[in-house]
Each structure stands twice: as C-alpha cells, then as structure tokens.
Visitor: 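For reference, the structure I am asking about is given below.
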Amino acid sequence: LSVIDDPVDQLQLMRDLALLAIEKRGNERDALEWYGQALMLDPEDEGLYVEMERLAGLTGAWDRLNFYTLESADVVSDK
C-alpha cells in the first residue's frame, strides 16, 4: 500500500482486499482488519463501521472493532 500515494486509491484497495478476504478465502477476521485500516483513512465513513460491526459479530472480534473505533476517533480529533 505504501506505493499508492492517493488516499482514495488506498481506501478502495483496502475495501477490495476486505471483500477478497471474505469472498475468496472466507476469512472475516482479515476483512475486519482491512476495513479497520480503511477506517483510519476515512473515519467518517459510517458504511465501514457498519460492515466492521457485522464482521465483529460473526467473528467475536469485538476488541478489534473497539480498537479501530477508538483509533479512528483520535484521527478525527487530530483534524
């Protein structure tokens, strides 16, 4: 991801990787991590949070949802 400079392109790639993790590998936990990274880039995207909440419910990874929620709040407050 470091070779992609445009945040919009980075965000789209993270969303695509999350979908691939679910659809091709059946790995909801990895998808949650990709969506979490995307949330760091766009903390005001409610759709990301909704999808992460769904995945946390499926995987039991509520700690990761909480982590990314708190981290994204820090990103917003730093703006």
Visitor: Can L32 be reached from L58 by stepping across I, L, V, M, F, W or Y side chains whose heavy atoms are under 4.5 Å apart?
Guide: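 Both belong to a single hydrophobic cluster.
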Visitor: Might you point out which heavy atoms bring M40 and S72 nearest each other, and give the distance in Å?
Guide: CE-N, 3.3 Å
Visitor: Looking only at non-hydrogen atoms, find the nearest pair between L11 and L41 and report the distance.
Guide: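 Closest pair (atom of L11, atom of L41, distance): N-CD1, 3.9 Å.
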Visitor: How long is the straight-line distance from OG1 of T59 back to CZ of R54, given to the nearest 0.5 Å?
Guide: 10.0 Å
Visitor: Compare all side-chain heavy atoms of W34 with those of L48 and state whether any distance is below 4.5 angstrom.
Guide: no
Visitor: Same cluster or not: L39 versus W62, using hydrophobic residues (I, L, V, M, F, W, Y) connected whenever any side-chain heavy atoms lie under 4.5 Å apart?
Guide: yes
Visitor: To the closest 0.5 Å, what do you measure between CD1 (I22) and CD (E51)?
Guide: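 Reported to 0.5 Å precision, the distance equals 5.5 Å.
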Visitor: Could you give the distance from OH (Y35) to CG (L19), rounded to the nearest 0.5 Å?
Guide: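 Answer for the OH-CG pair, Y35 versus L19, is 4.0 Å.
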Visitor: Write down the atom of A31, the atom of A21, and the distance for their closest heavy-atom approach.
Guide: N-CB, 3.8 Å
Visitor: If you look at every heavy atom in L65 and T69, which pair is closest and at what distance?
Guide: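 Closest approach of L65 to T69: O-OG1, 2.7 Å.
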Visitor: Quick one: CG on L17 to CD on E33, what's the gap to the nearest 0.5 Å?
Guide: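 Separation between the atoms: 13.0 Å.
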Visitor: Do V50 and Y68 belong together in a cluster built from hydrophobic side chains that touch within less than 4.5 Å?
Guide: no
Visitor: Considering non-hydrogen atoms only, spot the tightest contact between Q37 and M14 and give its length.
Guide: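 Answer, listing the atom of Q37 first, then M14: C-SD, 3.5 Å.
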Visitor: Going from CG on L20 to CG on N27, what distance comes out if it is rounded to the nearest 0.5 angstrom?
Guide: 12.0 Å
Visitor: Can you tell me how far the CG atom of L13 sits from the CD atom of Q10, to the nearest 0.5 Å?
Guide: 8.5 Å
